[in-house]
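Report on the following structure.
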Amino acid sequence: MAKLERRMAIEINANTIYFAIADVNKKTDKIYRHLDYGSLEAGFYDDLSSGDNHFFSSFMLKKAQSLFHKLRTRQEHFKAVKVRAIATDTFREAHNAEELVQKVRRTTGIDIRILSPEEEDRMDFFSAFRATDNSETPVVWDIGKERFQLIISDPEAGPFTHKGDFGSVSFMKYLKEVVQNKPPHFPGSLSPISTKELEAGITFARYLARRTPVIIRKELKRDNVKITGIGPVFQEGFAEEITGHRMSLDKGKLEKYILDHASSSDTNEASFSSAILVFGFMEELDITQMFISDHNSTVGMLEFPILWH
């Protein structure tokens, strides 16, 4: 019988804390049995961007301790023997992130590790290719709130990532502020959107896609390429509505979704703007279909050896 270790992984994203608990084979670092998975809304990014000084507020410092107390209780309930918590760009940007880390450590015993961009890249590579079912020609596409990345594993060049400065939230802000000329914190929805505004949004998404390096474009043109979308943008919202349980996203169906929702006043603006962003990329890079993975980076953390040994 393989020796198992009960691990808890905690991943701090822009506004959400994700957690996963599983029994993992210590020798192979493969998950043997999933036990728990969930998320807590935190609002780190919103708190940081509400002011101009790049400091977490005193309210956020207290809220973080409260949220990590809940995670500590969950750890004790499931008797997880090892806990690893990681944070990325939002914490790297906050001038008092270390103060928050120390308060959480002092009150809960959970140590938050702020990854460097290089460490984050290594984990992204690992997590991304766990999501591709060992496809011969994998391309992984991950869209966050402020950035996107296209990741390939080239047989000759090795892993390669192209990162862009627009994600689901920043693209939505662009559509509102630049295309629709609305105030930054306009309370109304992005839709209804005019045909001219929609075309402008798609044109900008295509412009972002045009920056994709040749090495990735070559992979996308291969006959047996498998493009896999990971992360909330692809697993929730518009993708969930279009794909159902089929886990594949068709460009034609995505276009129909956008046209159907363009004139609606109650469309979820985050889902709608993300759909426009993805469609523009599919148009520019000639992608007709892609696959949606139910894998996520928090579960991937449980099997990432560097975090546990």
Side-chain angles (χ1 to χ4, degrees), residues 13-16 39 41-57 60 88-90 92-94 141-150 162-212 229-242 249 251 253-285 287:
N13 281 359
N15 283 316
T16 310
S39 63
E41 286 305 310
F44 293 114
Y45 175 79
D46 288 346
D47 181 75
L48 198 65
S49 57
S50 64
D52 297 324
N53 58 7
H54 281 270
F55 276 81
F56 287 130
S57 66
M60 181 50 67
T88 53
D89 49 358
T90 301
R92 288 197 296 266
E93 291 166 14
W141 188 4
D142 183 13
I143 301 176
K145 282 184 165 60
E146 297 298 316
R147 294 170 186 79
F148 73 86
Q149 49 188 3
L150 283 159
H162 167 57
K163 294 189 174 188
D165 289 335
F166 274 80
S168 59
V169 172
S170 44
F171 186 75
M172 181 174 67
K173 284 180 181 174
Y174 175 87
L175 290 181
K176 273 189 166 183
E177 295 174 31
V178 179
V179 174
Q180 294 187 323
N181 199 26
K182 291 176 179 174
H185 300 293
F186 184 74
S189 173
L190 183 66
S191 59
I193 188 169
S194 70
T195 304
K196 188 178 178 182
E197 289 169 346
L198 182 57
E199 286 173 355
I202 293 170
T203 298
F204 184 63
R206 292 189 68 152
Y207 161 74
L208 295 173
R210 218 168 291 141
R211 299 173 168 189
T212 304
I230 62 172
V233 165
F234 288 113
Q235 293 165 344
E236 299 163 12
F238 77 88
E240 198 172 44
E241 194 171 325
I242 296 169
L249 182 63
K251 190 179 84 171
K253 289 182 179 177
L254 178 58
E255 184 175 23
K256 184 178 184 303
Y257 171 91
I258 292 169
L259 294 174
D260 287 348
H261 288 75
S263 58
S264 172
S265 58
D266 61 350
T267 297
N268 181 299
E269 61 183 8
S271 290
F272 185 58
S273 64
S274 294
I276 296 170
L277 175 62
V278 171
F279 180 76
F281 267 73
M282 292 180 87
E283 280 270 274
E284 183 64 33
L285 300 175
I287 300 168

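Only heavy atoms go into these numbers, but all of them, side chains included; no hydrogens, no water, no symmetry mates.
Applying the salt bridge (charged side-chain N to carboxylate O under 4.0 Å, His left out) test to E197 and every residue at least two apart in sequence or in another chain returns nothing. For R147, the salt bridge (charged side-chain N to carboxylate O under 4.0 Å, His left out) test picks out D89, E93, with sequence neighbours left out. For D47, there are no salt bridge (charged side-chain N to carboxylate O under 4.0 Å, His left out) partners two or more places apart in sequence or in a different chain. R206 meets the salt bridge (charged side-chain N to carboxylate O under 4.0 Å, His left out) test with E283, E284; sequence neighbours excluded. Here F281 pairs with W141, F148 under the ring pair (Phe, Tyr, Trp, His ring centres under 6.0 Å) rule; sequence neighbours left out.
In this structure, the separation between CG on D260 and CD on E255 is 10.5 Å, given to the nearest 0.5 Å. Note that CG of L198 is 11.0 Å distant from OG of S191, once rounded to the nearest 0.5 Å. The distance from atom OG of S57 to atom CZ of F44, rounded to the nearest 0.5 Å, is 10.5 Å. We find the CG-NZ distance between L254 and K251 to be 9.5 Å, quoted to the nearest 0.5 Å. Distance check, rounded to the nearest 0.5 Å: CD1 of I193 to CD1 of I276 gives 4.5 Å. For the atom pair T212 OG1 and L285 CG, the distance stands at 4.5 Å (nearest 0.5 Å).
For S274 (side chain) and S271 (main-chain N/O), no donor-acceptor pair under 3.5 Å exists by modelled atom type.
Between F166 and F171, the angle of the ring planes goes over 60°, which puts this pair in the perpendicular group of the 30/60° scheme.
Shortest non-hydrogen contact noted between S168 and S273 is O-OG, 3.9 Å. Taking both residues in full, the closest heavy atoms of L48 and A94 are given as CD1-CB, 3.6 Å, listed atom of the first, atom of the second, then distance. When every heavy atom of Q180 is checked against every heavy atom of P192, the shortest pair comes out as NE2-O, 3.9 Å.
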#### Entry: side chain to side chain contact (heavy atoms under 4.5 Å, CB included) between V233 and L277, intermediate numbers included
CA-CA 10 Å; V233 165; L277 175 62; over 6 Å; no
### Task
Could you go through the side chain to side chain contact (heavy atoms under 4.5 Å, CB included) check for F238 and L249 one step at a time?
CA-CA 10 Å; F238 77 88; L249 182 63; 4.1 Å; yes
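Sequence neighbours left out, the pairs with a member in residues 163-172 that pass salt bridge (Lys or Arg N to Asp or Glu O under 4.0 Å) are D121-K163.
L190 is listed as a side-chain neighbour of K176, based on a closest heavy-atom distance under 4.5 Å. A 4.5 Å side-chain heavy-atom check between L175 and F272 finds every atom pair outside the cut-off. No side-chain heavy atom of D142 sits less than 4.5 Å from a side-chain heavy atom of F234.
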